[in-house]
There are 2 protein chains.
Amino acid sequence: MNTSPVDDALLALAQSFREALRQSVYVMRRLDSEEQLSSAQLGVLKMALDGGARVGGIARNLGVKVPSATEQIIKLERAGLVRREADPDDSRAVRVAATAAGRAAVENADRRRNEYIAGILGTLGQAERDAVEAALPVFDKINNSLQNQARN
Amino acid sequence: MNTSPVDDALLALAQSFREALRQSVYVMRRLDSEEQLSSAQLGVLKMALDGGARVGGIARNLGVKVPSATEQIIKLERAGLVRREADPDDSRAVRVAATAAGRAAVENADRRRNEYIAGILGTLGQAERDAVEAALPVFDKINNSLQNQARN
DNA sequence: TATTCATATTTAGGTATCCTAACAGTTAGG
DNA sequence: CCTAACTGTTAGGATACCTAAATATGAATA
């Protein structure tokens, strides 16, 4: 007799939310598996677009540890999509910058994936699209909460 | 000059949607990494609750290939959470059933995760919670579309 | 009934991503 | 200076997924 109706509603929402997230994971995997660049690599590449992201920053932003970021960066470098250069201000640091090929790859990959998703979104009714649009900022907020909470 | 404003809006929504999904993947990974059962294993276990899920069905439902499902099932079996038994109707098939320990594990794992997420959802305003609640069924719909599309 | 084709699962082998721990070089404070 | 803190790479290991091949059973058909 210790549960209030408020709690129950929250827990039920949490359950549905978790289920949607789990599905999303598989959907993302599938999407990634049909592309050349994984979505993590695409994320790295985007951060490298403005010409000088640091490895640590990339890792933090991506939600992974530094060695995992290094690994992806090396793959991108081998593919000719980014360059690693010394940081002029701090020679411990490495700056990761997209090459021209890298820029092109981002645009291509983004366009392809967006068109694919847009195709699905296009089958929704306007009210449904509105619901998604309204929820996305909240999802962002939730994701950030969860990410920060775990960042100990 | 071939893009209509409608398309642009859809593509922009698609972009935001993708970004939210990518974040969700990392959030799920983090959540999973702090628990005994991965969310995939928890999914298997839930299907095994009613006493006889087949391997192929589990795989399909989970969005993975059969050998991947087998792998998780074997782990759960070794942990004493499910039993594999012959299907009385079709001796090619295997029925996966949760043990008593498995049932308990599901309840525990679900409760823990739901409480954790509910804690985050509790920090949202009512309007934000409503937005999430309204969007979840649409997310489900989208996830299913994407899953079916890839199921070739 | 014998053969053949289809279905259900497991096994074997390989890939991608992530992690922790240990190492090397650089910076900055005492 | 010299030590502590920081940035990144290397090495080694875990996990989850996949495809292809093997095994066994079921169904269809000649």
Counting only pairs under 3.5 Å, give me each side-chain donor-acceptor contact of residues 10-21 of chain B, with atom names and distances, residues two or more places apart or in other chains.
{"from": "B/Gln15", "atom 1": "OE1", "to": "A/Asn114", "atom 2": "ND2", "distance (Å)": "2.7"}
{"from": "B/Ser16", "atom 1": "OG", "to": "B/Ala12", "atom 2": "O", "distance (Å)": "3.2"}
{"from": "B/Arg18", "atom 1": "NE", "to": "A/Asn114", "atom 2": "OD1", "distance (Å)": "2.9"}
{"from": "B/Arg18", "atom 1": "NH2", "to": "A/Asp110", "atom 2": "OD1", "distance (Å)": "2.2"}
{"from": "B/Arg18", "atom 1": "NH2", "to": "A/Asn114", "atom 2": "OD1", "distance (Å)": "3.4"}
{"from": "B/Glu19", "atom 1": "OE2", "to": "B/Arg22", "atom 2": "NH2", "distance (Å)": "3.2"}

Pairwise ring pair (Phe, Tyr, Trp, His ring centres under 6.0 Å) hits with a residue in residues 49-99 of chain B, at least two apart: none
Interatomic spacing from CG in B/Leu76 to CD in B/Gln41 - rounded to 0.5 Å: 5.0 Å
Sub-4.0 Å heavy-atom contacts from residues 39-48 of chain A onto DNA chain D, ordered by number: none
Whole-Å distance separating the CD atom of B/Gln72 from the P atom of D/dT15: 10 Å
Residue pairs, two or more places apart or on separate chains, that pass side-chain hydrogen bond (donor to acceptor under 3.5 Å, both in side chains) and touch residues 94-107 of chain B: B/Asp87-B/Arg95
Whole-Å gap separating C1' (D/dC17) and CZ (A/Arg29): 7 Å
Nearest-neighbour nucleotide for the A/Val64 side chain, C/dT11, C/dT9, C/dC18 considered: C/dC18
Residue B/Val66, side-chain atoms from C-beta onward, closest of C/dT9, C/dT20, C/dA16: C/dT9
Closest nucleotide among D/dT9, D/dC17, D/dA16 to the B/Ser38 side chain: D/dA16
B/Leu49 reachable from B/Leu42 in the ILVMFWY side-chain graph, under 4.5 Å edges: yes
Length of the line joining B/Lys65:NZ and C/dT10:C1', which is rounded to integer Å: 17 Å
Protein-nucleotide distance (A/Asp32, atom CG; D/dA16, atom P), rounded to Å: 18 Å
Shortest non-hydrogen contact from B/Val64 toward B/Ala69: CG2-N, 4.1 Å
Length of the CZ-P vector between B/Arg84 and D/dA24, whole Å: 15 Å
Distances for protein N or O near nucleotides 27-30 of chain C N or O, under 3.5 Å:
{"from": "C/dT27", "atom 1": "OP1", "to": "A/Ser91", "atom 2": "N", "distance (Å)": "3.0"}
{"from": "C/dT27", "atom 1": "OP1", "to": "A/Ser91", "atom 2": "OG", "distance (Å)": "2.6"}

Sidechain-backbone polar pair: A/Arg54 side chain, A/Ala93 backbone, donor-acceptor under 3.5 Å: no
Spacing of B/Ile73 atom CD1 relative to C/dT9 atom P, expressed in whole Å: 8 Å
Residue closer to the 5' end of DNA chain C, B/Arg54 versus B/Glu71 (nearest nucleotide): B/Arg54
Under 4.0 angstrom between A/Ser68 side-chain N/O and C/dT17 OP1 or OP2: no
Nearest-Å distance for atom pair NZ/C1', residues B/Lys75 and C/dT10: 16 Å
Distance (rounded to the nearest 0.5 Å) between A/Gln23 CD and B/Phe139 CZ: 12.0 Å
With sequence neighbours excluded, residues passing salt bridge (Lys or Arg N to Asp or Glu O under 4.0 Å) with A/Lys141: B/Glu128
Atom pair distance, as rounded to whole Å: CZ in B/Arg78 and P in C/dT10: 12 Å
side-chain N/O B/Thr70 vs C/dT9 OP1/OP2, d < 4.0 Å: no
